[in-house]
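This report concerns only the one structure given below.
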Amino acid sequence: MATKIETIGIVGAGTMGNGIAQVSAVAGVKVVLIDVTDAALEKGVATLTASLAKLVEKGKIDASARDAALTRIETSTDYQRLAGADIVVEAATENVELKIRILRQIESIVSGETIVASNTSSISITALAATLTKPERFVGMHFFNPVPLLPLVEVIRGVQTGDDTAAAVRELTQRLGKTAVNVKNAPGFVVNRILVPMINEAFFALAEGIATAEEIDEGMRLGANHPIGPLALADLIGLDVCLSVMDVFLKDFGDSKYRACPLLRELVAAGRLGRKAGHGVYRYDQKR
């Protein structure tokens, strides 16, 4: 097992993937960022470049650190570029079949010592590990959105995850300036197990007309000391992601308390996915 991680591969240049790429590059780790199209890679790099510019403006990093970070990031649509990585993090959409395909493709290319991780927010690490030939080197590494700002990483061990694998990922987490919380494999792990049902309940409150979206969010900010209300947070996370997590909970727990709110499902069906779509609970494509 690789003890010193010098190169991290990331599959998926979306919100989570480009965030992981950014914090890794800033921490001095070489990054190989993979996606299916050049357009997706260009969009991901543009996002993290803008994020780095904001950090420079705020004095969090200097311009030379930003420039050095950008030189550490390589992009490609070719999975073969992952061959030299010490760890590869899958950061694709919350879809079991897609993740399994990607993880098997990663495993077919990397060395036998390379750690393979998933950034899944809800899917069983044990089940994903079981699809690989070397499940002992597989682990969950759940970052939180926005990755450059939120300091938590849930390190999730499946039944098969080896001690060396978990230790190396905890060490990497610390190197990235994050705090690791050790979590046993279970649907939603810890944070989303508590958070997403709360968001879902906020949609029920909205659907029942108990209060407006603004009032629900203000109530939770001022009454529960949350920095952002649950409906605004759903827009930030992505309503489709929230729905996917609730559906996983319902399937895996078999408990009706995890039934997704019909309003949440309706908004997703309408394409109102939140900030990334310009419209979710709130509008972002115009002043509101």
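Counting from 1, the numbers follow the sequence of the chain as shown.
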Closest heavy-atom pair and its distance - [X], [Y]:
{"X": "Ile125", "Y": "Gly158", "answer": "CG2-N, 3.6 Å"}
{"X": "Leu243", "Y": "Ala260", "answer": "CD1-CB, 3.5 Å"}
{"X": "Val32", "Y": "Thr7", "answer": "CG2-CG2, 4.1 Å"}
{"X": "Ile20", "Y": "Ala91", "answer": "CD1-CB, 4.5 Å"}
{"X": "Val31", "Y": "Ala25", "answer": "CG2-N, 3.9 Å"}
{"X": "Val155", "Y": "Ala166", "answer": "CG1-O, 4.5 Å"}

Answer yes if [X] and [Y] sit in the same cluster of Ile, Leu, Val, Met, Phe, Trp and Tyr residues linked by side chain heavy atoms under 4.5 Å apart, and no otherwise.
{"X": "Leu263", "Y": "Ile216", "result": "yes"}
{"X": "Val11", "Y": "Val36", "result": "no"}
{"X": "Leu103", "Y": "Val248", "result": "no"}
{"X": "Leu150", "Y": "Val181", "result": "yes"}
{"X": "Tyr282", "Y": "Ile228", "result": "yes"}

Exercise: do Ser76 and Asp78 side chains pair donor with acceptor under 3.5 Å: no
Expected output: side-chain [X] to main-chain [Y] donor-acceptor under 3.5 Å:
{"X": "Thr161", "Y": "Ile156", "answer": "no"}
{"X": "Asp252", "Y": "Pro187", "answer": "no"}
{"X": "Ser24", "Y": "Val29", "answer": "no"}
{"X": "Asp86", "Y": "Glu6", "answer": "yes"}
{"X": "Lys276", "Y": "Gly238", "answer": "no"}
{"X": "Lys257", "Y": "Pro197", "answer": "no"}
{"X": "Asn192", "Y": "Ser121", "answer": "yes"}
{"X": "Asn18", "Y": "Thr47", "answer": "no"}
{"X": "Thr93", "Y": "Asn95", "answer": "no"}
{"X": "Arg272", "Y": "Gly280", "answer": "yes"}

Parallel, tilted or perpendicular: which fits the ring planes of Phe249 and Tyr258, with parallel below 30° and perpendicular above 60°?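 Perpendicular, since the angle between the ring planes exceeds 60°.
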So, taking the atom named [atom1] in [X] and the one named [atom2] in [Y], what distance separates them when rounded to the nearest 0.5 Å?
{"X": "Glu94", "Y": "Ser118", "atom1": "CD", "atom2": "OG", "result": "7.0 Å"}
{"X": "Leu231", "Y": "Glu215", "atom1": "CG", "atom2": "CD", "result": "11.5 Å"}
{"X": "Leu273", "Y": "His279", "atom1": "CG", "atom2": "NE2", "result": "11.0 Å"}
{"X": "Arg137", "Y": "Leu132", "atom1": "CZ", "atom2": "CG", "result": "7.5 Å"}
{"X": "Arg66", "Y": "Leu48", "atom1": "CZ", "atom2": "CG", "result": "12.0 Å"}
{"X": "Asn200", "Y": "Arg265", "atom1": "CG", "atom2": "CZ", "result": "9.5 Å"}

Dump the intermediate steps for side chain to side chain donor-acceptor pair (under 3.5 Å) on Asn185 and Ser124, then the final yes or no. CA-CA 6 Å; Asn185 184 63; Ser124 168; 3.1 Å; yes
Show your reasoning for whether side-chain contact (heavy atoms from CB on, under 4.5 Å) applies to Thr165 and Glu136. CA-CA 7 Å; Thr165 299; Glu136 67 278 3; 5.6 Å; no
Should [X] and [Y] count as side-chain neighbours, where that means a heavy-atom distance under 4.5 Å?
{"X": "Val245", "Y": "Ile199", "answer": "no"}
{"X": "Gln105", "Y": "Glu90", "answer": "no"}
{"X": "Arg157", "Y": "Asn182", "answer": "no"}
{"X": "Phe189", "Y": "Ser122", "answer": "no"}
{"X": "Leu233", "Y": "His226", "answer": "no"}

Testing Thr131, Thr133, Thr114 for side chain to side chain donor-acceptor pair (under 3.5 Å) with Glu107, which one passes? Thr133
How would you list all residue pairs meeting ring pair (Phe, Tyr, Trp, His ring centres under 6.0 Å) that involve residues 116-154, not counting sequence neighbours? His142-Phe144
Please test Arg104 against Ile100 for side-chain contact (heavy atoms from CB on, under 4.5 Å), starting from the C-alpha separation and ending with a verdict. CA-CA 6 Å; Arg104 284 175 170 168; Ile100 289 172; 3.8 Å; yes
From CA spacing to verdict: side-chain contact (heavy atoms from CB on, under 4.5 Å), Phe203, Glu266: CA-CA 11 Å; Phe203 276 97; Glu266 187 77 356; over 6 Å; no
Please step through side-chain contact (heavy atoms from CB on, under 4.5 Å) for the pair Tyr79 and Ile102, ending with a clear verdict. CA-CA 10 Å; Tyr79 272 70; Ile102 290 171; 3.7 Å; yes
When the side chains of residues 49-61 are checked against the rest of the protein, which donor-acceptor pairs come out under 3.5 Å, sequence neighbours left out?
unit_1, atom_1, unit_2, atom_2, d
Thr49, OG1, Val45, O, 2.7
Ser51, OG, Gln22, OE1, 2.9
Ser51, OG, Gln22, NE2, 3.1

Other residues, nucleotides and ligands only: do more than 12 of their heavy atoms fall within 6.0 Å of CD on Glu74? yes
